[in-house]
Amino acid sequence: MQENFPDNPIKKTRKTRKDVSAWEQTLRWLDVKWYSENKLREKLNKLHYPAADIEDVINKCREYNLVNDEALAGEFARSQSSRGRGSRRIAQELYRHGLTGEAAEKALASIAPDEENACKNALQSKLASWKNEPDWRKRREKAFRFLANRGFALDTIYETLDSEPSLNYEL
């Protein structure tokens, strides 16, 4: 254990950060990853920048095409759909990332036709792990829970489960 002597403090003092303009701070954030307009506003508000500066920065970002909520939402939705996630879960994640309204609706509409295929692919990836379960009802319950947790709609889940022979009663 370290002793707390005056010449050896436990906590080191942080260097004070130079004042950075809202525009510079935004560029630093956008250099690392993409943010929605709402998230940028939220992050700038946390640093107590004036509201006028925040709006100027957001307008400047739009002008230079550094912030595009529709493109960000569309790419995010396609990425999550290819990972085997359903539209309900994707909508929840879009909301969490500050992507709401028309941008989110367009993104969800673009992935809607592929939801059945994504559901079938997600189920196929897990079927092998349930092959040792002798009772078809338990396999079906596990599959249902798995697909529901992935965020697929109930009608899509039931259609997928009904089309899979190993999850249905065999005569």
Side-chain angles (χ1 to χ4, degrees), residues 1 25-49 54 57-59 61-62 64-171:
M1 189 163 147
Q25 184 61 52
T26 302
L27 290 178
R28 287 180 185 178
W29 288 329
L30 291 174
D31 191 36
V32 176
K33 74 178 204 178
W34 289 93
Y35 288 98
S36 67
E37 287 181 23
N38 289 339
K39 277 294 178 184
L40 281 177
R41 275 192 187 93
E42 191 177 296
K43 288 174 77 70
L44 289 170
N45 274 329
K46 282 184 182 177
L47 295 179
H48 304 292
Y49 285 107
I54 293 172
V57 166
I58 297 296
N59 289 333
C61 286
R62 277 193 216 124
Y64 292 119
N65 203 21
L66 297 175
V67 173
N68 187 344
D69 283 356
E70 286 185 19
L72 181 62
E75 183 58 35
F76 183 80
R78 281 189 295 280
S79 167
Q80 294 297 307
S81 178
S82 68
R83 290 175 143 191
R85 302 230 165 82
S87 60
R88 292 175 56 219
R89 177 142 181 210
I90 293 171
Q92 190 176 37
E93 290 293 316
L94 286 170
Y95 179 78
R96 191 173 67 81
H97 288 287
L99 296 164
T100 58
E102 192 175 319
E105 289 173 13
K106 284 183 181 179
L108 291 172
S110 71
I111 62 162
D114 298 333
E115 187 164 7
E116 286 185 34
N117 291 333
C119 187
K120 287 178 184 176
N121 292 338
L123 180 62
Q124 292 301 321
S125 69
K126 287 296 274 189
L127 279 178
S129 65
W130 299 323
K131 68 181 178 186
N132 293 332
E133 178 62 54
D135 189 9
W136 68 273
R137 285 182 217 94
K138 288 186 180 179
R139 283 194 308 263
R140 189 174 173 100
E141 287 173 9
K142 287 179 182 182
F144 181 85
R145 278 194 310 264
F146 171 73
L147 294 174
N149 285 336
R150 288 288 180 111
F152 291 104
L154 288 177
D155 57 341
T156 306
I157 292 174
Y158 285 127
E159 287 175 16
T160 304
L161 294 179
D162 291 342
S163 67
E164 180 57 43
S166 66
L167 300 176
N168 294 301
Y169 179 72
E170 299 168 4
L171 295 174

- All heavy atoms of Pro113 vs all of Ser110, minimum pair found to be CD-O, 3.8 Å
- Salt bridge between Glu42 and Lys39, side-chain N to carboxylate O under 4.0 Å? yes
- With sequence neighbours left out, write down each residue that passes side-chain contact (heavy atoms from CB on, under 4.5 Å) with Ala143, or none if nothing qualifies. Leu123, Trp130, Leu161, Leu167
- Message: Would you say that more than 12 heavy atoms from the other residues, nucleotides or ligands in this model lie under 6.0 Å from the CD of Glu70, or not?
- Response: yes
- With Asp162, which residues qualify under side-chain contact (heavy atoms from CB on, under 4.5 Å), at least two apart? Arg140, Asn168
- Only counting residues at least two apart or in another chain, list the ones meeting salt bridge (charged side-chain N to carboxylate O under 4.0 Å, His left out) with Arg62. Glu37
- Message: Run the side-chain contact (heavy atoms from CB on, under 4.5 Å) test against Ala77 and tell me which residues pass, sequence neighbours left out.
- Response: Ile90, Ala107, Ile111
- Query: Considering residues at least two apart in sequence or located in another chain, which fulfil the side-chain hydrogen bond (donor to acceptor under 3.5 Å, both in side chains) criterion with Asp135?
  - Reply: Arg137
- Task: Find out whether Lys138 and Trp136 are in side-chain contact, i.e. whether some heavy atom of one side chain is under 4.5 Å from a heavy atom of the other.
- Result: no
- Query: Taking all atoms of both residues into account, what is the closest heavy-atom pair of Ala118 and Ser81, and its distance?
  - Reply: CB-O, 3.9 Å
- Message: Please check: side-chain N/O of Arg139 versus main-chain N/O of Glu133, any donor-acceptor pairing under 3.5 Å?
- Response: yes
- Query: Out of curiosity, Ser129 OG to Lys142 NZ, how far, rounded to the nearest 0.5 Å?
  - Reply: 8.0 Å
- Item | Residue pairs involving residues 79-115 (criterion ring-ring contact (aromatic ring centres under 6.0 Å, His included); sequence neighbours excluded) | Phe76-His97
- Item | Residue pairs passing the salt bridge (charged side-chain N to carboxylate O under 4.0 Å, His left out) test where at least one lies in residues 87-104, sequence neighbours excluded | Glu93-Arg96, Glu102-Lys106
- Roughly how far apart are Ser82 OG and Asn121 CG, rounded to 0.5 Å? 10.5 Å
- Can you check whether Tyr35 reaches Leu99 side chain to side chain, under 4.5 Å on heavy atoms? no
- Over all heavy atoms of both residues, which pair between Leu108 and Ser87 is shortest? Give the atoms and the distance, please. CD2-O, 3.8 Å
- Looking at CD of Gln92 and CD of Gln80, how far apart are the two atoms once the value is rounded to the nearest 0.5 Å? 11.5 Å
- Qualifying salt bridge (charged side-chain N to carboxylate O under 4.0 Å, His left out) pairs, either residue in residues 108-131, two or more places apart: none
- Message: Do Ile58 and Leu40 make a side-chain contact, defined as non-hydrogen atoms from C-beta onward lying under 4.5 Å apart?
- Response: yes
- Applying side-chain hydrogen bond (donor to acceptor under 3.5 Å, both in side chains) to Asn45 and not counting sequence neighbours gives none
- Quick one: does Thr156's side chain have a donor or acceptor within less than 3.5 Å of a partner on Phe152's backbone? no
- Note on the structure: Across all chains, not counting sequence neighbours, the side-chain hydrogen bond (donor to acceptor under 3.5 Å, both in side chains) partners of Gln124 are Glu164
- Would you please name every residue forming a side-chain hydrogen bond (donor to acceptor under 3.5 Å, both in side chains) with Glu75, sequence neighbours left out? Arg78
- CA sep, side-chain torsions, deciding dist, call: Trp29, Leu44, side-chain contact (heavy atoms from CB on, under 4.5 Å): CA-CA 10 Å; Trp29 288 329; Leu44 289 170; 3.5 Å; yes
- May I ask you to test the Leu27-Leu66 pair for a side-chain heavy-atom distance under 4.5 Å? yes
- Message: So which atom in Ala122 and which in Gly84 form the shortest heavy-atom distance, rounded to 0.1 Å?
- Response: CB-O, 4.1 Å
- Those residues at least two apart in sequence (or on a different chain) that pass side-chain contact (heavy atoms from CB on, under 4.5 Å) with Asn38 are Ser36, Arg41, Thr100
